[in-house]
Structures are given as structure tokens and as C-alpha cells.
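Notes follow once the structure below has been shown.
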Amino acid sequence: MDKPVTVGVAGAGRAVELHMEGLSRFSGIPVRLKTVYARRQEQLDEAQLRWGFEQTTTNFDDLIDDPEIDIIDICTPPYLHVVEAEKALRAGKHVICEKPLSGYFGLPGDEKPIGKKVSKRVMYERLLENMETLRAIVAESDAMFMYAENFVYAPAVLKAAELVKAKGSKILYIKGEESLKGSSSHVAGEWDKTGGGTFMRTGSHPLAAAIWLKQQEGLARGETIEVESVLADMSQITPTLTDYEHRHIAAHPNDVEDMGTVIVRFTDGSIANLVACDTLLGGSKNVMELYCNDAAINCNLTMSNVMSTYFLDEDCLDGISLSEMLPAKTGWNNPFLADEILRGYTDEMHDFMSAVYYGHAPKAGFDLAYKTTQAIYAAYLSAEEDRRIYL
């Protein structure tokens, strides 16, 4: 391209903040932030002021119809992802899609709440149908589909992949986790809004990273390594707490899980154990550990020990963020430094802008989005039917 990559953004919430922070950290590829879309004007005004978008709109089609826009960055709620991605791809726009790719959000006639009343097998089969439809659209389009999975772009995970490929290591076992004290979203406990609970919201990150790392291993060893099966437990634990015991935890699940454990078996016999829960105090935990035949590699995305702080009070610290989901700044803490870099958002957005500007494939595309989402819903089916599910 001989002009800036022109971006239109759908959404104005937390995901947009992370993507824009990532964009702000690199240079070398000219990027033009043209239009941001959301349903509430107050959100749009704040986003425009903070990030410098040229204009705002409350109509998604304005992004589709603008011939100047090269990329539509989809950061809307999950139930809109597939619909918006389809429209963008059919219009020839490159797509960045925030995780998760899709889910089951209910159909007319479903008994409520759907997370408790609708069979996970029905959900799984419907999800696969929707993703197959989108797969065909991606295949037919000349535009790129880029999956915004930041774990894949975290410097520690990228370095782990580099090391595994250089040595030709075999990853025998992976432990991955993203846990925190719950979500700040008031709809996080409702399946019809989120498509699942904590494993959908946060467990999708280490799961995608595990799948991607095994793919990188396979490339280096001349093998194709896929997910063979999943075995899972999805539970609600916070409803067992009294109001007083619950006071520090933000999870309020209605028909979703607040704790999930998924065991993935790959076709080469290796195993990944992925954990996500809404019961972790002290800030968010993001880790990947690799047990290899000739190495041990631990990736600490957060909480990192780049910096430690100790405060007796919070005087003059208003507006200063130490870490995500940390309610108090007193005592010892490990602040998030360059969080958008360490958690992968900078390399993620750089890869996507570079892919469009120079015309190369992104590291995380539709294939990873599809396989991750399929494995999540296979895990939900496994938990409901209390058995291993083969993909």
C-alpha cells in the first residue's frame, strides 16, 4: 500500500481501549483512525477524544459503505461478531475480530435462561453451522480475517514458539491459565449475552495459545498437530458463598460457569490443562507453562515481577492504575508495566496493520478462531454429558 491503513472500529468499550493502546505503542506503518461506531453517543465522544478518531457514528453500515476504510476492527459484544464480520468481508473489508469468534446466544422459542435450559449439544451443533457459513465467506473473500487473540502475540509466548521451533522440541504438556475476581460487565453472568462464562471470557486465551503453540511445533517438526478431544468440568462455586464471604469477588453467574477446567488431548498424544476462574483475588493471572522433552518454558504475562510497590495508603494515587481487577493499591503489589506490550496487544495490532500494508498473512487468522471456539463449546458439551468429546 502507498497510503495509510485506514481503520474503522466497531465498539467503544474495553476491547477498543486495549487495541488502541496497542496501536499507540508502535510506528513505521502509517495508520489512520477514521471512524468509530457504537450505539451510545457518550461512549463515542469519549473514544474520539481519547484516541483521535476523525468521526463517530451510531450506524455500523457507515463503516461498510466508506470506501476509504480498509479494516473494520470488531470489538462489539460477542453475539454481533459473526453478523458484522460477514457484512464486512462481503464488502471487501479486512476484518479484525475480537475473541470469542462466536457462540450460542439463543434462538426464538428457547426456554430461559438458556445456559441452564438449552442442551449444550444443540449449542455445539448450531455453533458449528454458523462458523462453517463464515468459513465459506472467508474463503470466498479477497479480504483477510484476523483473530485478535493477544496471548498468541505476547512476547513471552512468541519467544517460547521461537525456542521450540529452533530446537525442534516436543511439547509434552501445557499448563495455561487466565483467572481473576470476576468481570466488571453487568451481563457477564448471562449466557445469552456472552455465550458462556469464565472459560469463554478468559479461558479462551490460554486455550488458543496452546493450540497455536502446538501448531508451531508441528510446523517445525513437519507434522500436523490438531485437537483430538476435550474433557471438561464447568462449575458454579460462588453461589455457595454468603453475602459476606462474597464481598471481594465480582462474579455473579446466573446460567454460566465461574470456574472451568479443560483437558485437551492433541493428536500427537500431548496434553494441555487449561484453567479459568472468577475467584482469584489480587489481580489477573495470565500464565503459560510448557513441559518439553528438552526444555521447560514458563511464560508469566501477569502478574509479572518487573516492578514491585508497597503503599501504606492510597493518597494521591487517584487515577493511577496498578493492575487490572486490583481493588486496592496498599500493601505489596506487582504493577502492570507496558501491559499492552507484555500481554500482546502491541504485537497483535502491529501484525494486523502490517498484514494489510504489506500483504502477508497474520499469525492469528480464521483457522485459530474456529478451532478455539469449537474446543470451548466441545468443553461445555463434555461437562454437561460428563464424558470426553472427540472433535
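Throughout, residue positions are numbered sequentially from 1 according to the sequence presented. Any value given below was found using the heavy atoms of this structure, including those in side chains, with hydrogens, waters and symmetry copies removed. A quick note: this is a predicted structure, and the numbers were derived from the prediction, not measured.
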What heavy-atom pair brings K87 and D61 nearest, and what distance separates the two atoms? NZ-OD1, 2.5 Å
Do E17 and R50 pass the salt bridge (charged side-chain N to carboxylate O under 4.0 Å, His left out) test, and can you show the C-alpha distance, the side-chain angles, and the key distance before you say yes or no? CA-CA 9 Å; E17 180 181 355; R50 183 172 181 184; 3.3 Å; yes
Can you name the closest pair of heavy atoms from E245 and L241 and give their distance? OE1-CA, 3.5 Å
Is there a donor-acceptor contact under 3.5 Å from the side chain of N333 to the main chain of P335? no
Test L134 against L89 for side-chain contact (heavy atoms from CB on, under 4.5 Å), laying out the working first. CA-CA 9 Å; L134 183 57; L89 289 166; 4.1 Å; yes
Taking the ring centre of each residue, are Y380 and W191 less than 6.0 Å apart? yes
Quick check: does any side chain N or O of E384 sit under 3.5 Å from a backbone N or O of K120, one acting as donor and the other as acceptor? yes
Counting the benzene-type ring for Trp, do H252 and H186 have ring centres under 6.0 Å apart? no
What distance do N286 atom CG and D339 atom CG have between them, rounded to the nearest 0.5 Å? 8.5 Å
Within the side chain of T194, is there an N or O that forms a donor-acceptor pair under 3.5 Å with the backbone of E190? yes
Quick check against the 3.5 Å criterion: does Q215 have a side-chain atom that pairs as donor or acceptor with the backbone of I225? no
Strictly distance-based, threshold 3.5 Å: is any side-chain N or O of H19 a donor or acceptor partner for the main-chain N or O of I74? no
My understanding is that only one of F352, Y370, F366 makes a ring pair (Phe, Tyr, Trp, His ring centres under 6.0 Å) with F145; could you say which? F366
Side chains of R39 and T58: is there a donor and an acceptor less than 3.5 Å apart? no
Tell me the closest heavy-atom pair linking S169 and E217, and the distance in Å. O-CG, 3.5 Å
Give the C-alpha distance, both sets of side-chain angles, the deciding distance and a yes or no for side-chain contact (heavy atoms from CB on, under 4.5 Å) between Q43 and E46. CA-CA 5 Å; Q43 275 191 310; E46 182 179 345; 5.8 Å; no
Where the side chain of D110 meets the backbone of L107, is there a donor-acceptor pair that is under 3.5 Å apart? yes
For the pair S204 (side chain) and P100 (backbone), establish whether a donor and an acceptor sit closer than 3.5 Å, ignoring hydrogens and angles. no
Does the ring of Y124 carry R121 above it, NZ/CZ under 6.0 angstrom from centre and within 45° of its axis? no
Over-ring placement of K214 relative to F266, 6.0 Å and 45° cut-offs: yes
I'd like to know if the side chain of E178 and the backbone of V287 have a donor-acceptor N/O pair within less than 3.5 Å. no
Between H81 and E98 (side chain of the first, backbone of the second, donor and acceptor by atom type, cut-off under 3.5 Å), is there such a pair? yes
Output yes when a side-chain donor or acceptor of D70 lies under 3.5 Å from a complementary backbone atom of H94, and no otherwise. no
Distance only, no hydrogens: is a donor on one side chain within 3.5 Å (strictly under) of an acceptor on the other, for N130 and S102? no
Go through D66 and K34 one step at a time and tell me if the salt bridge (charged side-chain N to carboxylate O under 4.0 Å, His left out) criterion holds. CA-CA 10 Å; D66 188 335; K34 185 171 184 185; 2.7 Å; yes
